Enquirer: 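Dropping the structure in here first, questions after.
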Amino acid sequence: NGPESTDVAVCILDTGVTQAHPLLAPALDAADVHVYDPGWPGGDTRGHGTNMAGAALYGDLMPLLAGNGAVSLTHVLESVKVLPDVGENEPRLYGAITRESIGRVEVQEPDRRRAFCMAVTSDFENDRGRPSSWSAAIDQTSFGDGTTQRLVLISAGNIREGLSKANYPARNETEPIENP
């Protein structure tokens, strides 16, 4: 069953989410599935956004799979596909794409409390933690003039090459966090 209330959401900004996924469908209404570019097809052909939605909805599945009780969902999901299925967005537009995508779900459900979860990063303008136009756009969107504040959670630790379980934690100490 879906959550009792739709007042709280986690909005996934990623490759889209497969709304019909049997574990996600109870918490992801078709009206809450968006795409940045109206010319893009819906859904998630890459799987990353769907995986992130599962983690955001259920957390660690191990205790749930080991148990035999009902699972209570505490929030709904929303999704905005910010990455195309083929090719990539213009890097200089990443901030504008993020801002517009956040605005899109807020127009749909303006009174819903939500956390935005973005597991999308880039090595474009990656200058060892210095601010970028994308990070500035997210800062402005998150805090703005102080009247409207948003919680935006952004992934870190995206190491793209030479990754192994043994060196992952230590490499996060020495590798720069990607943009934004």
Side-chain angles (χ1 to χ4, degrees), residues 1-85 89 94-121 134-135 137-158 178 180:
N1 293 332
E4 289 183 25
S5 171
T6 61
D7 293 348
V8 178
V10 173
C11 179
I12 307 297
L13 304 172
D14 206 304
T15 60
V17 173
T18 302
Q19 191 273 331
H21 190 290
L23 292 176
L24 303 179
L28 181 58
D29 189 272
D32 291 326
V33 177
H34 306 272
V35 293
Y36 162 71
D37 184 329
W40 295 346
D44 181 12
T45 62
R46 299 184 191 188
H48 193 263
T50 300
N51 291 342
M52 293 296 102
L57 185 60
Y58 293 102
D60 183 1
L61 286 176
M62 289 306 291
L64 300 176
L65 294 171
N68 60 3
V71 175
S72 296
L73 301 177
T74 60
H75 57 280
V76 296
L77 293 171
E78 298 170 323
S79 168
V80 183
K81 182 183 224 175
V82 297
L83 295 175
D85 292 340
N89 296 320
Y94 289 166
I97 290 168
T98 304
R99 267 195 318 266
E100 185 172 324
S101 298
I102 286 172
R104 193 158 292 175
V105 297
E106 291 177 336
V107 166
Q108 178 76 26
E109 289 289 342
D111 297 324
R112 186 179 278 166
R113 294 178 299 148
R114 62 181 49 86
F116 294 94
C117 178
M118 188 169 67
V120 174
T121 62
W134 191 9
S135 68
I138 292 171
D139 289 348
Q140 181 66 30
T141 301
S142 299
F143 189 73
D145 63 3
T147 59
T148 301
Q149 297 179 4
R150 295 169 183 90
L151 176 61
V152 181
L153 307 165
I154 303 172
S155 63
N158 285 344
E178 289 191 334

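All residue numbers refer to positions in the sequence shown, counting from 1. No experiment lies behind these values; they were computed from the predicted model shown.
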Enquirer: Taking only residues two or more places apart in sequence or in another chain, which ones pass side chain to side chain contact (heavy atoms under 4.5 Å, CB included) with His34?
Expert: Val80, Arg104, Val105, Gln108
Enquirer: Any pair with a residue in residues 50-62 that passes salt bridge (charged side-chain N to carboxylate O under 4.0 Å, His left out), sequence neighbours left out, goes on the list, sorted by first then second residue, please.
Expert: none
Enquirer: Not counting sequence neighbours, which residues clear side-chain hydrogen bond (donor to acceptor under 3.5 Å, both in side chains) with Gln149? List them please.
Expert: none
Enquirer: Restricting to salt bridge (charged side-chain N to carboxylate O under 4.0 Å, His left out), what partner residues turn up for Asp85, sequence neighbours left out?
Expert: Lys81
Enquirer: Going by side-chain hydrogen bond (donor to acceptor under 3.5 Å, both in side chains), name the residues that satisfy it together with Asp145, two or more places apart in sequence or in a different chain.
Expert: Thr147
Enquirer: Would you list the pairs meeting salt bridge (charged side-chain N to carboxylate O under 4.0 Å, His left out) in which at least one residue belongs to residues 12-36, sequence neighbours left out?
Expert: Asp32-Arg112
Enquirer: For the pair Thr50 (side chain) and Thr18 (backbone), establish whether a donor and an acceptor sit closer than 3.5 Å, ignoring hydrogens and angles.
Expert: yes
Enquirer: If we ignore hydrogens and angles and just use 3.5 Å, is the side chain of His75 paired with the main-chain N or O of Ala56 as donor and acceptor?
Expert: yes
Enquirer: Could I get the full list of side-chain hydrogen bond (donor to acceptor under 3.5 Å, both in side chains) partners for Thr121, not counting sequence neighbours?
Expert: Asn158, Glu178
Enquirer: Tell me every residue that passes salt bridge (charged side-chain N to carboxylate O under 4.0 Å, His left out) with Arg99, counting only those two or more places apart in sequence or in another chain.
Expert: none
Enquirer: With sequence neighbours excluded, tell me which residues meet ring-ring contact (aromatic ring centres under 6.0 Å, His included) with Phe116.
Expert: none
Enquirer: Going by side-chain hydrogen bond (donor to acceptor under 3.5 Å, both in side chains), name the residues that satisfy it together with Ser5, two or more places apart in sequence or in a different chain.
Expert: Asp7
Enquirer: Sequence neighbours excluded, which residues qualify as side chain to side chain contact (heavy atoms under 4.5 Å, CB included) partners of Gln140?
Expert: none
Enquirer: What pairs meet the salt bridge (charged side-chain N to carboxylate O under 4.0 Å, His left out) rule with one or both residues in residues 35-46, with sequence neighbours excluded?
Expert: none
Enquirer: With a 4.0 Å cut-off on N to O distance, would you call Arg114 and Glu109 a salt bridge?
Expert: no
